[in-house]
2 protein chains.
Amino acid sequence: MDDIDRHIVTALVADGRMSYTDLGKLIGLSTSAVHQRVQKLEERGVLRGFRAVVDPEALGLSLTAFISVKPIDPAAPDDVPDRLKGLVEVEDCYSVAGDENYILKVRVGTPGELESLLARIRTDAEVSTRTTVVLSTPFEARMRGTTPA
Amino acid sequence: MDDIDRHIVTALVADGRMSYTDLGKLIGLSTSAVHQRVQKLEERGVLRGFRAVVDPEALGLSLTAFISVKPIDPAAPDDVPDRLKGLVEVEDCYSVAGDENYILKVRVGTPGELESLLARIRTDAEVSTRTTVVLSTPFEARMRGTTPA
DNA sequence: TGTGCCTGTCGATATCGTCCACGGGCCCAC
DNA sequence: GTGGGCCCGTGGACGATATCGACAGGCACA
């Protein structure tokens, strides 16, 4: 994981479809060398994969919300993530320190869908919820490939 | 935006580097037809781009946190996102309803870096902060390409 | 019936991904 | 100093792929 690797990662985060040829020109390495480095970065798990970035609005998912959840019975075994992973509306699930146990990020189309989703979350995971609705998203999913000083 | 488009989007979210040939075989269309559809999806903004998915840990970013911010002077003009976009540690910035005005997701390497980041956020944006540290991430950035019934 | 539009197929060509053999730098043992 | 092994990059060759243009079929509408 040297500066060249970081440079490669940065470039591929910006454009995951950049050709190895262009990538080589960009960082001053031959096509093959870049190819080898990318393969090793994938093997090491630094690069987890490549994916298309989709506009949620275009899919009819115009409502984003954060839901903090807390088990109703604090003594019960904690398998909240397992119970929630079947709900495709739940994009992220973070275990957190603080008053609540988990923070979820969800995307739905309408307030009505949010309401029924909340009901499913409460019953499926046996939790109480606190919901924060997102009004707008100034920026999202920014990524830096290199660690700043 | 028909079922074929949704199928394409789903496939490209799962594997952003899938070749048009394979994509065509997968959904039962010729390479060129798929190519045209993907181009139109990009033009329409449905597909925003392609990017590599990186393991934050591998970049030394092992500490994730949510920071809720609220302006110290509620009467001041609200340009918090502009003031924060220069901080590369801030990955997401959501304007939200509720007690606080914005929710930020940040990634740093150490608690010390989080401390100095909080100081910078407070002074740069003139806000008070409430921080929730992420302990673990059961799942993250799941995406569905199709809207469920 | 004819016209225009949309969307698909097919074919051609330049480019790209992928693999292999080769060569130079580096470290270490002797 | 010297030889061997290892890592990493280079360059070339091959098949696969992206990309473009020309053409055909379905459909709505006048």
Side-chain angles (χ1 to χ4, degrees), chain A residues 1-62 109 141 143-149, chain B residues 1-61 141 143-149:
Chain A
M1 195 64 202
D2 55 8
D3 282 338
I4 295 179
D5 281 341
R6 273 185 279 272
H7 199 163
I8 289 175
V9 168
T10 305
L12 287 178
V13 166
D15 178 6
R17 283 203 150 181
M18 184 177 290
S19 75
Y20 290 119
T21 308
D22 291 345
L23 202 49
K25 288 177 189 166
L26 180 66
I27 68 177
L29 226 56
S30 72
T31 305
S32 305
V34 171
H35 188 242
Q36 292 176 50
R37 277 179 178 265
V38 170
Q39 278 191 326
K40 287 186 182 170
L41 286 169
E42 287 179 338
E43 287 168 8
R44 271 185 268 153
V46 179
L47 289 177
R48 285 186 181 165
F50 299 87
R51 58 165 48 184
V53 181
V54 182
D55 178 13
E57 298 262 357
L59 300 178
L61 303 173
S62 48
M143 267 238 189
R144 61 186 203 266
T146 62
T147 313
Chain B
M1 194 65 201
D2 54 8
D3 282 340
I4 296 179
D5 280 342
R6 273 185 278 271
H7 199 162
I8 290 175
V9 168
T10 305
L12 285 179
V13 167
D15 178 6
R17 282 204 152 180
M18 183 176 291
S19 75
Y20 291 119
T21 308
D22 291 344
L23 202 49
K25 288 177 191 165
L26 180 66
I27 68 178
L29 226 55
S30 72
T31 305
S32 303
V34 172
H35 189 242
Q36 292 176 51
R37 277 179 178 267
V38 170
Q39 277 191 327
K40 287 183 182 173
L41 286 169
E42 287 180 337
E43 288 167 7
R44 270 186 269 153
V46 178
L47 288 176
R48 284 185 181 165
F50 299 87
R51 59 166 47 187
V53 181
V54 182
D55 178 13
E57 298 262 355
L59 299 178
L61 302 173
M143 268 237 190
R144 60 189 204 265
T146 62
T147 314

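Protein chains get the first letters and strands the later ones, always in sequence-line order, with residue 1 at the start of each.
Taking every side-chain heavy atom of A:Q36 into account, D:dT10 is the closest of D:dA18, D:dT10, D:dC8. Of all nucleotides listed (D:dC8, C:dT9, C:dT7), C:dT7 comes nearest to the side chain of B:K40. The side chain of B:R37 has C:dT7 as its nearest neighbour among D:dT17, D:dG9, C:dT7. Checked against C:dC16, D:dT10, D:dA18, the side chain of B:S19 finds its nearest nucleotide in D:dA18. For A:D22, taking side-chain heavy atoms from C-beta onward, the closest of the listed nucleotides C:dG8, C:dC16, C:dT18 is C:dC16. Out of D:dT10, C:dC16, C:dT9, the shortest distance to the side chain of A:T21 is found at C:dC16.
At least one donor-acceptor pair closer than 3.5 Å links the side chain of A:S62 to the backbone N or O of A:G109. A side-chain donor-acceptor contact under 3.5 Å links B:R17 to the backbone of A:G16.
Here C:dC6 presents its P atom at 17 Å from CD1 of B:I4, a figure rounded to the nearest Å. Across the protein-nucleic acid pair, A:L23 atom CG and C:dC16 atom P stand 12 Å apart, rounded to whole Å. Atom-to-atom, CZ of A:R44 to C1' of D:dC7 comes out at 13 Å; the value is rounded to the nearest Å. Between B:D5 atom CG and C:dC6 atom P there is a gap of 15 Å when expressed in whole angstrom units. Nucleotide D:dG12 holds its P atom 21 Å from the OH atom of A:Y20, rounded to whole Å.
Of the residues near DNA chain D, B:K25 and A:T31, the one whose nearest nucleotide (by heavy atom distance) lies more toward the 5' end is A:T31.
Residue contacts shown for B:S32 include a base, since a base heavy atom lies under 4.0 Å away.
Heavy-atom minimum distance, B:D5 versus B:R44: OD2-NH2, 3.6 Å.
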